[in-house]
Protein chains: 2
Amino acid sequence: MNFQQLRIIRETVRRNFNLTEVANTLYTAQSGVSKHIKDLEDELGVALFVRKGKRLLGLTEPGKELLPVVERILLDTQNIKRLADQFAKRDEGHLALATTHTQACYALPPVVSRFKQTFPRVHLELHQCGPKEIVALLRAGQVDIGIATEAVGVEEDLVSFPYYQWQHAVIVPEGHPLTQVVPLTLEAIAEFPLITYHEGYTGRARIDAAFAEQGLVTDIVMSALDADVIKSYVELGLGVGIIAAMAYHPKRDAGLVVLESKGLFELNTTWIALRRGHYLRDYALRFIEYCSPNLTEERIRDSVFPKSHGV
Amino acid sequence: MNFQQLRIIRETVRRNFNLTEVANTLYTAQSGVSKHIKDLEDELGVALFVRKGKRLLGLTEPGKELLPVVERILLDTQNIKRLADQFAKRDEGHLALATTHTQACYALPPVVSRFKQTFPRVHLELHQCGPKEIVALLRAGQVDIGIATEAVGVEEDLVSFPYYQWQHAVIVPEGHPLTQVVPLTLEAIAEFPLITYHEGYTGRARIDAAFAEQGLVTDIVMSALDADVIKSYVELGLGVGIIAAMAYHPKRDAGLVVLESKGLFELNTTWIALRRGHYLRDYALRFIEYCSPNLTEERIRDSVFPKSHGV
DNA sequence: GATGCTTACGATACCCGTAAAGATA
DNA sequence: TATCTTTACGGGTATCGTAAGCATC
């Protein structure tokens, strides 16, 4: 048994049992991939893959049970390397984040700039993507930290921590009839065509829920991934915008007004998600601490590396 | 990085940084051991060992942090093998127990015989040793299950479950003056020379505690590792014996009488100890279940493989 | 001087890649 | 037929063991 064999096992599952692809992603030849699988199966004395003729179709029972152990081993080899780098070059390295547009634009900038000042030699890699991709990137070990408002933390192999809470805000062009409605109600808003986020993004579910709860039917004429797009179309008069409150800048968004909307929508929580067992460099923990001071190194480490198992 | 390097790192620590010994226990040459360590340190970019000239003295800081990860990886490689064997030969294999004389003689025989009937092809290996060795054997992964009355479960990397409870009994030769004392008291017992277990064995601590609590000074003229030895000397009239109640057989121990001693000594609990993260074959879990029916497979697995970490 | 670590060197075994052949859709 | 897997074979590399050279105690 060697590491290459384990990498091949893992990659074979990831690549849907296409050994040619496996070979390509691991930068090696198919022949070797085949042989490694065969060798390992011989050594263990059980077939790990279900075959139909020469094609691999899936995992056998033993294969299914072995896979998580294989993944843990490979995760640990990465951990060893990260740990070593930690000492070799203390404040030098790489930090990969996956986050949505909203967080990248409005919540993270101050954190990132503070981080960059303290750790100028750490290369920051910012993956901007949707919540599902964030989970996938964390799982694959391609990013160290995920930040999103939805769809994290439900999974067994991820942990998440509350980062901050925020509310949605209603924006309209100057002089819009809604500016006269005080106090503002959902009922009044629902009279107008709406522009807001795509489903599954930036608390959209909370918006829908708020209207649904009062039995209001909304006319969402447009949806977008980010507030900037929404603002543009609100400015053109296509409808009333509902965006994350922190996405509105009085100065930059001069043609728009934000309406008092306290209590209309439920609070949203943005989460910091991590992969269990994924070793984090000191500066990664500092980054998290910059996000929210009560997310201490100790608290994070305890959750990412659950007690016991020394495994 | 390869497995041999990791094995060498682990073994170097275990063998107190004597590379010659490491080479011997791993059945390889010192030269290779040296080179492997050097190669790994080069690859990781940090020194793992503190050196004085050519001698290795201990682990560096990074070495200390890496060691648990290395051990987890090696543990997982064993787990892979055990898992595979599980499927390759379902009811065939190996089960190693470490237990004290008392348990081996008096508690386990019915369990073992039932186990052997159900799993005739499993080779049972019974290590008889003291509590400390049991812990060491579990830690080293040399046994799957440890059974003892003391000194288990205090350690982070082991888990233990209550197996059964029992009491000490007082035995004397026929016609001994103590047979007249009803009810029996510790005070009366302390008048006579005593023969019982060595310190650290079979609940000896509880015996001492019982006398000490009443301010009684005892004259322990002999101590032994097992009840058979104690019984022999009690029979010779050297003193009053205090042994585990289950070690007395009315038929086999014809020349001895057991005295009613309810309430004199505190109850003892015998524990089943396991190593966290050490994969257990199905039949090992069955063995534990035979010991105590409420120790179900599910309960054991949950404790040995703590939640989360997929890992 | 005994023990222990490192380096050098030759033999072996392992791993990889090319290429050809066979299987599958 | 095109794609994919296996097997065979040659070249390169890494690992291992022997042996010699040094450091440490």
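Labels below follow one simple rule: chain letters A, B, ... track the order of the sequence lines, proteins then strands, and each chain is numbered from 1. For the numbers below, each heavy atom of this structure counts, side chains included, while hydrogens, waters and symmetry mates do not.
Atom CZ in A:Phe49 sits roughly 17 Å away from atom P in D:dC4 (whole-Å rounding). Rounding to whole angstrom units, CZ of residue A:Arg51 and P of D:dC4 are separated by 17 Å. A:Leu6 has its CG atom 12 Å from the P atom of C:dC15, to the nearest Å. Atom CZ in B:Phe3 sits about 14 Å away from atom P in D:dT15, given to the nearest Å. Residue B:Arg15 contributes atom CZ, which lies 18 Å from atom C1' of C:dT3 at whole-angstrom precision. Between the NZ atom of B:Lys52 and the P atom of C:dT6 there is a distance of 16 Å, rounded to whole Å. As rounded to whole Å, 16 Å separates atom P of C:dA13 from atom CG of A:Asp39. Atom pair A:Glu41:CD and D:dT6:P shows a separation of 9 Å (rounding to whole Å applied).
At C:dC15, none of the side-chain N or O atoms of A:Gln5 fall inside 4.0 Å of OP1 or OP2 (strictly under the cut-off). Taking only side-chain nitrogens and oxygens, B:Asn18 never comes nearer than 4.0 Å to OP1 or OP2 of C:dT3.
Each of A:Leu57 and A:Gln4 lies near DNA chain C, and the nucleotide nearest A:Gln4 is the one positioned closer to the 5' end.
Under the 4.0 Å criterion applied to side-chain N and carboxylate O atoms, A:Lys38 and A:Asp42 are assigned as salt-bridge partners. Between A:Arg7 and A:Glu11, none of the side-chain N atoms (NZ, or NE/NH1/NH2) sits under 4.0 Å from a carboxylate O, so this pair counts as no salt bridge. The pair A:Arg301-A:Glu298 does not meet the salt-bridge criterion, since no charged nitrogen lies less than 4.0 angstrom from a carboxylate oxygen.
Rounded to 10°, the helix from C:dG1-D:dC25 to C:dA25-D:dT1 has 40° between the axis fitted to its first five pairs and the one fitted to its last five.
In terms of heavy atoms, B:Phe3 sits closest to B:Leu74 at O-CD2, 4.4 Å.
Atoms CD1 and OG, from B:Ile145 and B:Ser160 in turn, are 13.0 Å apart once rounded to the nearest 0.5 Å.
When heavy atoms are screened at a 4.0 angstrom cut-off, B:Phe17 is found touching the sugar-phosphate backbone but no base atom.
Of all the residues in residues 21-36 of chain A, A:Gln30, A:Ser31, A:Ser34 reach under 4.0 Å from DNA chain D with at least one non-hydrogen atom.
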